[in-house]
Amino acid sequence: MATKGNKRTNLEANEAFLQYEEEIVNHPAYAGMPDLRHDDGTIQWETPSNRGAGVFQFSHDKRYQWWLEKAAEIGISTDEDKWISKVAKTIHPTKLHPCKVCGRVMDIRYCYLSTNFMKRVQKLSFYDSSVEMEEVTHILDFVTSLVDTYGDVAYDALPGLLKCTQVKEIPDLPHDLSAWTSWIEQSYIPKEPSMLSPGAMSNAPDRLDGFHTFNRCCRSTADKGRSKENLASYSTDRRAFENWSDGNWITANKLMGFINSNPGMKKEHCANEGNGGHHPRPCSADHIGPISLGFCHRPEFQVLCKPCNSAKNNRMYYSDVLHLIEVEKAGETVATWYADSIWQKCKGKVTDKESALRLSRVMRDNRNVAMMLLADFIDRNEFLFLFTLLNLEYADYDYDIIPGSTKINHQIVTVDFSREASTLRYVSIQKTRKIRVAFSSLSEYAKKENRNGYTYTNAKIESLKKQAFSILSNINSKMKKLNETLIVALSDEERIDAEIEAFLSTVDYTALKNMREFIEVKELLKQIMELVAQELSSNWDDPRYSRETADE
């Protein structure tokens, strides 16, 4: 309820906006603003020009004069086009503005996808909606997702997507995400290109800070239901983040993008083409070991047509199991830490299509137990330990597919990568997205009330969990403070990316992963999943896993 800083209107202000109002009126940039408060102390935020009577009848004119003086103070000529808008943007202390309706904080700069930009994207020959677009999608999030998903063809498309009246010449930049995001942020956005839109439109002197109270998120509908839609656009790697998968997610994403967009790869036939049926092209990248069952997100995929990829879903072919066993023999890890025990105990039981499907069911239950286990750490506010399980170190490097290194064997695609240290901006974008998606997904998982998934525990498991929580409760004060900082960062839904980036700048991730206490706790979790694997493998012949599979 609005009780401070805002008169009751037809639309009640949220707490985020009320706090913002107080911060603005107390900021030196707005010193001397006329007719600042009503008699009861509440802020007079809006001063419409059509006010016909009353003590504040001339507030609009007074504030217009204030803006004229402010323009002269900071050196902006009032003869310039949109001078008052330029003044409002220049003096704004944070460039961030909460929506009065929903509280969502958005950038006042031209950072968000316009309708025309999204139309251009939809016309791209390779675009298949894998990367989501909305009017609240930030351009840097979108470009990062586009490049991750489609690779080189995305880089080639960027000049055509970004070119507009305000920016007619796009520089010849390398196929490097850091180079593109830096240029967009430092050169493109400041020119206020028509391909992008601001989070909040200018509205001085009608509004005290010079901006409309409704942000882009609610401008057209003032719909509170949209306040928490998609904090950012996500690439196809989202499932790997949601499942807390091991594996080099940077190279895996890069190869997925290559397979899904490279013209030569589009000509490749489906791995199941010899089995009859219709297999339309182009095909797409399929995880041989589904990450939804606990397998690693690795840079190795088989090529499947869309009908086969959709039908396979989170199940395994017999050939998948045989292939992964061979990959393991070559020294690779194929299962995420929480799925390795059940994989090792049951892979040898697979002898045909039916038993491969049975393994899929068993591993699906194992994955459910693992997610519930991790959710227990969310409930206990042990975020920092979970943070160390995200394999963020892979983002410290840029990987490029070495030309001519593509190998296709039985429609299974691998490539070789070059590697070099990444840049700060690239690292930040990649890590921030993974943290955001992983924690938000796990939190939602923990909140679900009616899960049909398999759960299992026993006295030994509960004892191991108790040991783990005891270890974490006794970490040093510095680590406890970091844990609290991470909790706060992840709880700020409207500024979550900025908060996560700030947190990342304060920590040494490698040092955290190697903390004795965190290593001990992860070992305890592996012991728990070993006990779960023993239970599940002993029930291999249970009807839950051996039932008929025709409908699957």
Side-chain angles (χ1 to χ4, degrees), residues 95-96 106-114 117-118 120-121 124 127 130-134 136-164 166-167 169-199 230-238 241 249-251 253-254 257 261 392 394-401 419-437 495-505:
K95 315 306 179 194
L96 299 174
M106 298 188 74
D107 202 310
I108 63 174
R109 301 176 303 158
Y110 279 61
C111 300
Y112 304 96
L113 308 188
S114 70
F117 181 90
M118 290 187 279
R120 286 185 178 183
V121 173
L124 295 174
Y127 181 71
S130 294
V131 177
E132 298 175 21
M133 297 185 295
E134 290 187 306
V136 293
T137 300
H138 196 289
I139 183 62
L140 295 182
D141 280 330
F142 176 79
V143 168
T144 301
S145 296
L146 191 75
V147 168
D148 274 354
T149 305
Y150 302 110
D152 286 341
V153 293
Y155 284 117
D156 294 337
L158 286 178
L161 294 176
L162 297 170
K163 189 175 181 179
C164 57
Q166 298 77 13
V167 187
E169 298 295 329
I170 307 296
D172 185 15
L173 297 175
H175 286 195
D176 174 75
L177 182 59
S178 178
W180 276 99
T181 55
S182 295
W183 176 76
I184 290 171
E185 188 166 37
Q186 297 169 19
S187 300
Y188 189 71
I189 289 174
K191 289 183 172 63
E192 299 190 349
S194 58
M195 288 297 103
L196 302 179
S197 297
N230 295 330
L231 293 173
S233 62
Y234 298 114
S235 180
T236 51
D237 58 14
R238 180 183 173 92
F241 299 171
W249 48 286
I250 300 294
T251 56
N253 293 341
K254 183 84 70 172
S261 62
L392 298 180
Y394 290 116
D396 291 332
Y397 300 93
D398 279 333
Y399 297 87
D400 286 314
I401 296 174
R419 188 185 82 163
E420 61 181 21
S422 188
T423 61
L424 180 62
R425 183 60 190 167
Y426 180 78
V427 170
S428 180
I429 291 172
Q430 295 286 18
K431 290 182 179 179
T432 296
R433 185 180 346 128
K434 181 163 191 180
I435 294 166
R436 181 212 311 141
V437 174
R495 296 190 69 253
I496 188 168
D497 282 8
E499 294 291 340
I500 293 173
E501 284 195 48
F503 173 79
L504 284 171
S505 69

Problem - Student check: side-chain heavy atoms of Y127 and S261 closer than 4.5 Å - result: no
Handout entry: Non-hydrogen atoms of D396 and K431 that approach each other most closely
Key = OD1-NZ, 2.9 Å
Exercise for the section: State whether a side-chain donor-acceptor pair under 3.5 Å links D156 with H175. Expected result: yes
Exercise for the section: Let me know which of I139, L146, D141 forms a side-chain contact (heavy atoms from CB on, under 4.5 Å) with V143. Expected result: I139
Exercise for the section: Working to the nearest 0.5 Å, report the span between CD1 of I250 and NZ of K434. Expected result: 8.0 Å
Problem - pair I401-T251: side-chain heavy atoms closer than 4.5 Å - result: no
Problem - Closest non-hydrogen atom pair, P193 against Y110 - result: O-CD2, 3.6 Å
Exercise for the section: Could you tell me which non-hydrogen atom of Q166 sits nearest to which non-hydrogen atom of E192, and how far apart they are? Expected result: CG-O, 3.8 Å
Practice task
Would you tell me whether E132 and T137 have side-chain atoms, one donor and one acceptor, within less than 3.5 Å of each other?
Solution key: no
Problem - Heavy-atom pair with the smallest gap, counting every atom of L124 and A157 - result: CD2-CB, 3.9 Å
Practice task
Evaluate the side-chain proximity of M195 to Y188: yes if any heavy-atom separation is below 4.5 Å, no if none is.
Solution key: yes
Problem - Side chain proximity check, I170 to W183, heavy atoms < 4.5 angstrom - result: yes
Exercise for the section: Quick one: sort the F117 and F142 rings into parallel, tilted or perpendicular, breaks at 30° and 60°. Expected result: perpendicular
Problem - Trace of the side-chain contact (heavy atoms from CB on, under 4.5 Å) decision for M133 with V121 - result: CA-CA 9 Å; M133 297 185 295; V121 173; 3.5 Å; yes
Problem - Test item: S145 and R433 side chains (from C-beta on) under 4.5 Å apart, heavy atoms - result: yes
Handout entry: Derivation of the side-chain contact (heavy atoms from CB on, under 4.5 Å) call for W180 and L162
Key = CA-CA 11 Å; W180 276 99; L162 297 170; 3.9 Å; yes
Practice task
Report yes if the side chains of Q430 and T144 come closer than 4.5 Å at any heavy-atom pair, otherwise no.
Solution key: yes
Exercise for the section: Verify, without hydrogens or angle tests, whether R120 (side chain) and L161 (backbone) share a donor-acceptor contact under 3.5 angstrom. Expected result: yes
Handout entry: Flag, side chain of S505 to backbone of A502, donor-acceptor distance under 3.5 Å
Key = yes
Exercise for the section: Given side-chain contact (heavy atoms from CB on, under 4.5 Å), test V147 with D152 step by step and report yes or no. Expected result: CA-CA 7 Å; V147 168; D152 286 341; over 6 Å; no
Exercise for the section: Look only at the side chain of W249 and the backbone of A395, and say whether a donor-acceptor pair between them is shorter than 3.5 Å. Expected result: no
Completion exercise
Closest heavy-atom pair, S114 versus S194, reported as atoms and distance to 0.1 Å, is OG-O, 3.5 Å
Exercise for the section: Would you check if there is a donor-acceptor pair between the side chains of E501 and T432 at a distance under 3.5 Å? Expected result: no
Completion exercise
What one should report as the nearest heavy-atom pair of I108 and P198 is O-CB, 3.3 Å
Handout entry: Nearest-0.5 Å distance that lies between atom CG in D497 and atom CZ in R436
Key = 4.0 Å
Handout entry: From CD1 (I189) to CG (D107), nearest 0.5 Å
Key = 7.0 Å
Exercise for the section: Evaluate the criterion side-chain contact (heavy atoms from CB on, under 4.5 Å) for residue pair Y155 and L177; output intermediate values, then yes/no. Expected result: CA-CA 9 Å; Y155 284 117; L177 182 59; 3.6 Å; yes
Exercise for the section: Please determine if D148 and K254 form a salt bridge, counting it only when a charged side-chain N lies under 4.0 Å from a carboxylate O. Expected result: no
Practice task
To the nearest 0.5 Å, tell me how far E499 CD sits from L504 CG.
Solution key: 11.5 Å
Problem - Residue pair M106 / L96, side-chain heavy-atom distance below 4.5 Å - result: no
